[in-house]
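Chain letters run A, B, ... following the sequence lines, proteins first, then strands; residues in each count from 1. Computed from a prediction, not measured in an experiment: that's the story for all the values here.
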Amino acid sequence: MAHKLVIVESPAKARTIGGYLGEGYVVESSIGHIRDLPNSAADTPAKIKDKPWGRLAVDVENGFVPYYVVPRDKKSHIAKLKTLLKDADELYLATDEDREGEAIAWHLLDELKPKVPVHRMVFHEITKPAILAAVENPRQINDDLVEAQEARRILDRLYGYEVSPVLWKKVMSGLSAGRVQSVATRLVVDRERDRMKFRVASYWDLEGTFDAGSDHDPRMFPAKLHSVDGARVARGSDFGSDGALKSSAQGKVVHVDRTRAEALVEALRDTSYDVRSVESKPYRRSPYAPFRTTTLQQEASRKLGMSASVTMSVAQRLYENGFITYMRTDSTTLSGSAVNAARSQVRELYGAEYLPDSPRVYASKVKNAQEAHEAIRPAGDSFRTPAQTGLTGEQFRLYELIWMRTVASQMKDAVGQSVSIRLGGASATGEDVVFSATGRVITFHGFLKAYVEGTDDASAAKDDAETRLPALTEGDAVSAASVSASGHETKPPARYTEATLIKELEDREIGRPSTYASIIKTIVDRGYVYKKGTALVPAWLAFSVTRLLEDHFPRQVSYEFTAGMEDVLDEIAAGHKDRATELGEFYYGSERVQGLHTLVTELGEIDARELATFPIGGPDSGIHLRVGRYGPYLEGPDEEGNPTGKRANVPDDLPPDELTLEKAAELFANPAGEEIDLGQHPDTGLRIVAKNGRFGPYVTEVLPDDAPKSARPRTGSLLKSMSLETVTLEDALKLLSLPRVVGVDPENGEEITAQNGRYGPYLKKGSDSRSLATEEQLFTVTLEEALALYAQPKQRGRAAAAPPLKELGNDPVSGQPVVVKSGRFGEYVTDGEYNATLRKDDTVESITIERAAELLAERRARGPAKKTAKRGAKKAAKKTTKKTTGTKSTTRKSAAKKATTKKAAAKKS
DNA sequence: CAGTGAGCGAGCTTCCGCTTGACTT
C-alpha cells in the first residue's frame, strides 16, 4: 500500500502528528540536520582533502561552494528514510518553518532524491486543525531562505576554522574561537575588567522608625533620610565605578559620611516631624509572557537552582512524554486552544474575576525571533494541573513552573497603590531634614496570585512585595521612635551567571534557543570560564585570547557583529542580496571592511609574550601576571632590582579581580603554590614535599633557611605509577635516592648510573646513554644487564627489536609487504617507504590489507614522507622556542584537566 | 616555575545549529 511520507524534525513531534493524520500517512523525523560540513579531517571526502581549502570544506576560491557529508551516525537513519520513501507516492517535508528548518528540508530533498511529488508543509502549532490545514496548503521550498542558512553555516565555519588555528599558534593548542563563543567569552572578560577597575564608594544615610500615633494602622513605619537643607542625600546610584560622585550628581546631592551621619543622629534627638507631602499613585502590573527557552532557563535557575543544561534535559523529557510543548523556541505565542485551556483553568482555579475579558496576546520581544514554534506551555487542549500529571522530582517542579507561568499569562493585571510620604523636621544644629517613606499596597493581586517572577539580585524587591504605610495627610504630626546612622558601600557589577549571560546573548541576538546551554559548556570546556558557585569567572587564559581577538579581529568580536550578520541574512532570505557576494566581503574584504582571510594571512608578528602579560596594581607596580604554559603566574622585581627576579604561581581558581597587590605579595611569599607535605627524611631530617612543576609532579626536599645559597635541593619526578594524590614518603625517598650507581664498567672504569630523565628512565656512562624499558629497572637493573645494554648499538637497537604487530600481505601499489607497527604516535601501517597512522575507527584486530592500502594511498598522495619530515625538522631547529611551545602545551592541557578533576573532588568532599 | 640524554612514520585540534539516543558511571 502506498502512503504519503511526512518528515518532521523531532521524533516526538512525528508521533503526535502521526496521530492527527492517521491512515495513509507515515510520519518520520529527520532528527535535526541530516547533513553538514565535515567536522574533522577523518570525515572530509578524499577528493577535496588535497585542495587548499579542503580543511574548510568550503571552496573559497570558487563561489564559496560548501561540501556536505552525511555524518556517520546519520547514515543508517538516511537509509531508513530512503526505504520509507520507496513505498511512498508523495513526500511532505514538514521541518520547522525557520532558516534551519528550510535548509533541513532542502538537504532531505537533495539527499533522498525523491521521484514522487514533493511538498513543503509548514505549521506553527501542533494541533489537529493546524496540521490538517498544513497538509491542505503546501508550498515549495524557499530557496532564498536556504541560501541564507548556508551563508550562516559557511560564515561560522570560516570564522571558527580560520581563527582557531591562530590561537593554536599564538596561545595554546586546542583552543577555539567562533562568532558566538568568542563574544560570550568577551562579555565575561569585560565584566571582570569592570570589576577590576571598580573603586568602592562609601556613603551614609539615616534610617528611622516613625510613629504615626495610636489611631493609625500601622502605627509604626520605616523611613529613610532623603534630603538635608534641600539637597538630596547621595545614594549608591549617584556614584560612578571610580568611586567618585557622578558628574550628573555633583552640586545636586550631598554626600553624607559617617561623621556627618552620626552628628545628624545626635542633632535629631529631640526633633519632631510633620508630614510635608503624601503622594499616591496607582500601581499596575501585567503578567509576564509565557516561557520561551531563555526565560525558562532564567526562572529555572532562579527558583529551582537548575543549570541551563539540566533545565533543557528535564524539559526534553517532559516534551517527549507529552507534558509540554517544544522547549527550544524563541516565541511567546500561545495557540488558540492553549489560550482557551489557560482561561478555563483560570476560571476554575481562581474564579471569573481573575479572567480578563479578552485573551492576552504576547508579541515577540526577541528581535531576530524566527517563531517556528509556540511558547513553552503545558501540552494539549486542556492543561493538566501538576498534581494530575503524576510527575515527581525535577520534572514535577519544572512542569509546575511552566504551568503556573502559562496560566498566569492569561490572568488580570495586579493593581494597587504606591504611596510616597515625606516627613520634615529641623535638627538641633539648624538643618532642615526630610525623611521619605515609600509603600505599596496591592488591592487586587490578579496574576500575582498564581506566579511571581524571581530576581537575580537577592536584595531586589519582588513584584508582589508590599509595604503598608499609615494613612497620613499633609500637616499631620509624627514623632521618631528611633533614628540611626547606617553605612553603605557601592558594589561592583555582578558577575554573569549562566542565566544572565544567556539573557545578555539573547538581547544581543547572539546564539539560538538550541545552543544557549551548549555555549556555556563550550567556554567552560575550553578553560576560558569556570563556575564559582553560580557565577561565571573568566580564567586568565580568556583575557589573553580576548585581547588577541580584540587587537586583531576587532570587527569579528564586536558585540554588534552577529546582529549585523542577521540583517544581511534577512536580505539574502528576501532575495535582495547574494550569498557568494556577502561571503566574499566577509572573507576577502571590501572597501568597507577588512576580510577575515586577509586578517589571518597578514597577521604580522603577534608578540605572544606581551599578549599574555597583564600588569597588576597599575602599570607602576612592576608586578605583572603572565599566562604561561603551565597556568598563570606572577612576575616582579626582586631585591637586587632584577625586574623579573621574583616569580610565584597563581592558583587557577583565583578570580582575576581578587588578584590585588596585597594578594600578590602573599603569593610571592609562597611562590611554589600548593605543596603536599610528605614528612621528614629519616636521614637528613629535611621536610619532603610533593609539588606540581613544569615537568609535572615531583618531590623535593625543603632546605633550611640558613642553607648556603649554592645548595640545591634534591628532586625527582614522580613515576608514571604514582600521583600527587597518592604519593607516600617511601616513594619520595626512593625517587630522591636517584641517580643510583649501578656499577663500574670494567673496561674503562667509568661509573654507570640509572636515572629518570626527559625521555624516561635511562642509564648514563659519561656522555653515553641507553634507555631503560621500565621505570622499575631504575631500582633493579644489575651491572650485567647494564653492560649488555651498552653492548648493543645505541639507536637501532630498540627499533629493530620491536616486531610488527601484524602482517597484512603485500600492498597492491608498491608490491611491498605491509605490516602494522606501534610507534610514538600510536599504531600505523607501513610498506617500508610510507607510513600511515591508523584512524579513529581502525583497530589492529580489524584492519585488513584493503584498508591499509587505502590509508597508504592517501598518505602517498600527500607526497614523500622524508621531504616533509626534513622541512619540519629544519623549522623546528630554527625556532627552538616555538617547538618547545608545541610540545609542552600538551602537558599543560592535561595538567589543567587534572586540576579541574581535583577541584571537583575537593568540592565534593 | 625542578634542570636532563636519543632520535624517531605525524596528524589533529577548531565553528554554529538542528535533533536524539548510545555510550559509561
- Message: Just verifying a value: how many Å separate A/Y528 OH and A/R186 CZ, rounded to the nearest 0.5 Å?
- Response: 15.0 Å

- Residues A/D96 and A/K13 bridged, charged N to O under 4.0 Å: yes

Are there any protein N/O atoms within less than 3.5 Å of an N/O atom in nucleotides 22-25 of chain B, and if so, which ones and at what distance?
none

- Within less than 4.0 Å of OP1 or OP2 of B/dC1, is there a side-chain N or O belonging to A/R647? yes

- Message: If I take atom CG in residue A/N835 and atom C1' in nucleotide B/dC8, what distance separates them, rounded to the nearest angstrom?
- Response: 11 Å

- Could you tell me how the ring of A/W106 sits relative to the ring of A/Y68: parallel (under 30°), tilted (30 to 60°) or perpendicular (over 60°)? perpendicular

- Message: Just to verify, what does A/E506 make a side chain to side chain donor-acceptor pair (under 3.5 Å) with, not counting sequence neighbours?
- Response: A/R292, A/T294

- Can you tell me the distance, in whole Å, between the NZ atom of A/K765 and the P atom of B/dA6? 15 Å

- Ignoring hydrogens and angles, tell me if any N or O in the side chain of A/D330 forms a donor-acceptor pair with the backbone of A/E371 under 3.5 Å. yes

- Query: Does A/Q370 use its side chain to pair, donor to acceptor, with the backbone of A/R99 at less than 3.5 Å?
  - Reply: yes

- Message: Once you apply a heavy-atom cut-off of 4.0 Å, does A/S164 come out as touching a base, just sugar-phosphate, or nothing?
- Response: base

- All side chain to side chain donor-acceptor pair (under 3.5 Å) counterparts of A/D638, not counting sequence neighbours: none

- Nucleotide B/dT14, atom P - distance to CD1 of A/I523 in whole Å: 16 Å

- Note on the structure: Contacts of A/E9 meeting side chain to side chain donor-acceptor pair (under 3.5 Å) (sequence neighbours excluded), chain-then-number -> none

- Message: Please check: side-chain N/O of A/T293 versus main-chain N/O of A/T329, any donor-acceptor pairing under 3.5 Å?
- Response: yes

- Ignoring backbone atoms, test whether A/Q181 places a side-chain nitrogen or oxygen under 4.0 Å from the OP1 or OP2 oxygen of B/dC16. yes

- Taking atom P of B/dA6 as reference, at what distance in whole Å does atom CD of A/Q755 sit? 12 Å

- Between the base of B/dT13 and the side chain of A/S173, is there a donor-acceptor distance below 3.5 Å? yes

- Query: A/Y762 on top of B/dG5's base, within under 5.5 Å and under 30°?
  - Reply: yes

- Query: For the side chain of A/T95 and the backbone of A/V8, is there at least one donor-acceptor N/O pair under 3.5 Å apart?
  - Reply: no

- Query: Is there a side-chain polar atom (N or O) of A/R179 under 4.0 Å from OP1 or OP2 of B/dG17?
  - Reply: yes

Check nucleotides 18-20 of chain B against the protein and report each pair of N or O atoms closer than 3.5 Å, with its distance, or say if there are none.
from, atom 1, to, atom 2, distance (Å)
B/dC18, OP1, A/R512, NE, 3.3
B/dC18, OP2, A/S514, OG, 2.7
B/dC18, O3', A/E9, OE1, 3.2
B/dC18, O2, A/H33, N, 2.5
B/dT19, OP1, A/Y326, OH, 2.4
B/dT19, OP2, A/Y326, OH, 2.6
B/dT19, OP2, A/R328, NE, 2.9
B/dT19, O5', A/Y326, OH, 3.3
B/dT19, O4', A/G32, N, 3.3
B/dT20, OP1, A/S10, OG, 2.6
B/dT20, OP2, A/Q316, OE1, 3.4
B/dT20, OP2, A/Q316, NE2, 2.8
B/dT20, OP2, A/R328, NH2, 2.7

- Note on the structure: In DNA chain B, stems of three or more consecutive pairs, Watson-Crick or G-U, each with both distances under 3.5 Å, turn out to be none

- Where the side chain of A/S331 meets the backbone of A/H373, is there a donor-acceptor pair that is under 3.5 Å apart? yes

- Message: Measure CG/A/N39 against C1'/B/dC15 and give the value in whole Å, please.
- Response: 10 Å

- Task: Can you tell me the distance, in whole Å, between the CZ atom of A/R714 and the C1' atom of B/dG3?
- Result: 16 Å

- Message: Can you tell me if A/W168 is stacked onto the base of B/dT13, using a 5.5 Å centroid cut-off and an angle below 30°?
- Response: yes

- Message: Between P on B/dA10 and CZ on A/R55, what's the gap in Å once rounded to a whole number?
- Response: 21 Å

- Message: Measuring from the side chain of A/R526 (C-beta onward, heavy atoms only), which nucleotide among B/dT14, B/dG5, B/dC16 has the closest atom?
- Response: B/dT14

- Starting from P on B/dC15, measure out to CD1 on A/I154 and report it in whole angstrom. 18 Å

- Task: Assign each of A/T830 and A/L763 to its nearest nucleotide of DNA chain B by heavy atoms, then name whichever residue's nucleotide is nearer the 5' end.
- Result: A/L763

- Message: Rounded to the nearest 0.5 Å, what separates atom CZ in A/F668 from atom CD1 in A/I623?
- Response: 5.0 Å

- Message: Under 4.0 Å, heavy atoms only, any strand: does A/S29 hit a base, just the sugar-phosphate, or nothing?
- Response: nothing

